[in-house]
Amino acid sequence: MAATRSANAVWNGNLTEGSGTTSLDSSGLGTFDVTWKARTEAANGKTSPEELIAAAHAACFSMAFSNELAKAGHTPEEVRTKADVTFVPGTGITGSHLTMSAKVPGISEEEFQKIAGEAKVGCPVSGALASIDITLDATLES
């Protein structure tokens, strides 16, 4: 079954001096301030499209990894994923680097890395970001 999620944005003013908000409409979890400075300099309590993409990528990868583990007969105790999405003014979004660590009882390092690589490719957000470089550092915790 297909699912559609919605967000909304309002922008006032020019690109570099203006400001706006983005809201998570489907969940109703909140409205967040966005500015060009938050995108290219310090966040200062505001968000950016890249931070929102990073959140989506980290969550999606963690879910995809857990799913791939289940297919291989493993259940993780915990999966922690950080996504660093890079934005270069004048060029755009150039990459997303995933850093994941997980506790997975009974798995070998080799199988862990194989499954992590499969999850990186199979994650739907990775698919949506296919035009950029996606890298992964995966650490199996004991």
Side-chain angles (χ1 to χ4, degrees), residues 1-12 15-142:
M1 175 172 32
T4 300
R5 300 295 179 257
S6 300
N8 196 0
V10 175
W11 188 262
N12 302 105
L15 176 62
T16 58
E17 299 301 320
S19 64
T21 59
T22 187
S23 60
L24 305 179
D25 295 346
S26 299
S27 64
L29 288 175
T31 298
F32 306 93
D33 293 331
V34 293
T35 64
W36 177 255
K37 287 184 180 181
R39 195 172 194 184
T40 60
E41 299 173 20
N44 292 326
K46 296 174 176 62
T47 194
S48 67
E50 292 72 29
E51 183 177 39
L52 297 169
I53 291 169
H57 204 189
C60 183
F61 174 82
S62 291
M63 295 168 77
F65 181 64
S66 293
N67 185 51
E68 292 298 325
L69 285 169
K71 289 180 190 177
H74 299 285
T75 302
E77 289 180 12
E78 182 176 67
V79 177
R80 288 188 308 268
T81 306
K82 177 183 179 189
D84 294 303
V85 172
T86 302
F87 172 74
V88 178
T91 300
I93 296 171
T94 59
S96 181
H97 179 71
L98 299 167
T99 304
M100 181 270 291
S101 62
K103 293 179 184 177
V104 185
I107 194 169
S108 69
E109 179 70 29
E110 182 180 341
E111 185 178 17
F112 177 84
Q113 293 298 332
K114 177 182 174 285
I115 290 172
E118 291 168 352
K120 181 185 94 164
V121 173
C123 163
V125 172
S126 290
L129 299 175
S131 66
I132 65 170
D133 187 34
I134 299 172
T135 56
L136 169 65
D137 287 329
T139 302
L140 175 59
E141 295 181 354
S142 49

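In this chain, residues are counted from 1 in sequence order.
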Checklist line | Partner residues of Phe112 under the ring pair (Phe, Tyr, Trp, His ring centres under 6.0 Å) criterion, sequence neighbours left out | finding: Phe65

Note to self: Has Gln113 got a side-chain atom pairing as donor or acceptor with Ala138's backbone, closer than 3.5 angstrom?
What the structure shows: yes

Next item on the list: Considering non-hydrogen atoms only, spot the tightest contact between Ser96 and Val85 and give its length.
Entry: OG-CG2, 3.7 Å

Notebook entry, point to check: Backbone N or O of Lys120 within a donor-acceptor pair of the Ser126 side chain at under 3.5 Å?
Noted result: yes

Next item on the list: State, to 0.1 Å, how close Glu51 and Lys46 come at their nearest heavy-atom pair, and which atoms those are.
Entry: OE1-O, 4.1 Å

Checklist line | Leu129 side chain reached by His57 side chain, heavy atoms, under 4.5 Å | finding: yes

Notebook entry, point to check: What is the minimum heavy-atom distance between Thr75 and Val104, and which atoms define it?
Noted result: O-CG1, 4.4 Å

Check: Taking atom OG of Ser108 and atom NE2 of His74, what is their separation to the nearest 0.5 Å?
Finding: 7.0 Å

Item checked: Option passing side-chain contact (heavy atoms from CB on, under 4.5 Å) with Ser19 (candidates Thr35, Val34, Val10) -> Thr35

Margin query: To the nearest 0.5 Å, what is the distance between OG1 on Thr94 and CD1 on Ile132?
Written below: 7.5 Å

Item checked: Atom pair CD/CZ of Glu141 and Arg80 - distance to nearest 0.5 Å -> 4.0 Å

Notebook entry, point to check: If only atom types and distance count, is the side chain of Thr21 paired as donor or acceptor with the main-chain N or O of Phe32 below 3.5 Å?
Noted result: no

Check: Hey, what do you get for CG (Asn8) to CG (Asp25), rounding to the nearest 0.5 Å?
Finding: 5.0 Å

Margin query: Which residues pass the salt bridge (Lys or Arg N to Asp or Glu O under 4.0 Å) test with Lys103, not counting sequence neighbours?
Written below: none

Next item on the list: Scan Glu118, Glu111, Glu110 and name whichever one has a salt bridge (Lys or Arg N to Asp or Glu O under 4.0 Å) with Lys114.
Entry: Glu118

Next item on the list: Could you tell me which non-hydrogen atom of Val79 sits nearest to which non-hydrogen atom of Ser66, and how far apart they are?
Entry: CG2-OG, 3.9 Å

Check: Do the non-hydrogen side-chain atoms of Val125 and Phe61 ever get within less than 4.5 Å of each other?
Finding: no

Notebook entry, point to check: Roughly how far, to the nearest 0.5 Å, is CG of Leu24 from OG1 of Thr31?
Noted result: 7.5 Å

Checklist line | Pairing residues for Ala58 by the side-chain contact (heavy atoms from CB on, under 4.5 Å) criterion, not counting sequence neighbours | finding: Thr81, Ala83

Check: So, do Met100 and Ser62 sit near enough that their side-chain heavy atoms are less than 4.5 Å apart?
Finding: no

Margin query: Do Trp36 and Pro89 have side chains that approach each other closer than 4.5 Å (heavy atoms only, starting at C-beta)?
Written below: yes

Next item on the list: Could you tell me the separation between the CG atom of Asp84 and the OG1 atom of Thr99, rounded to the nearest 0.5 Å?
Entry: 6.0 Å

Check: Under a 4.5 Å cut-off applied to non-hydrogen side-chain atoms, are Asp137 and His97 in contact?
Finding: yes

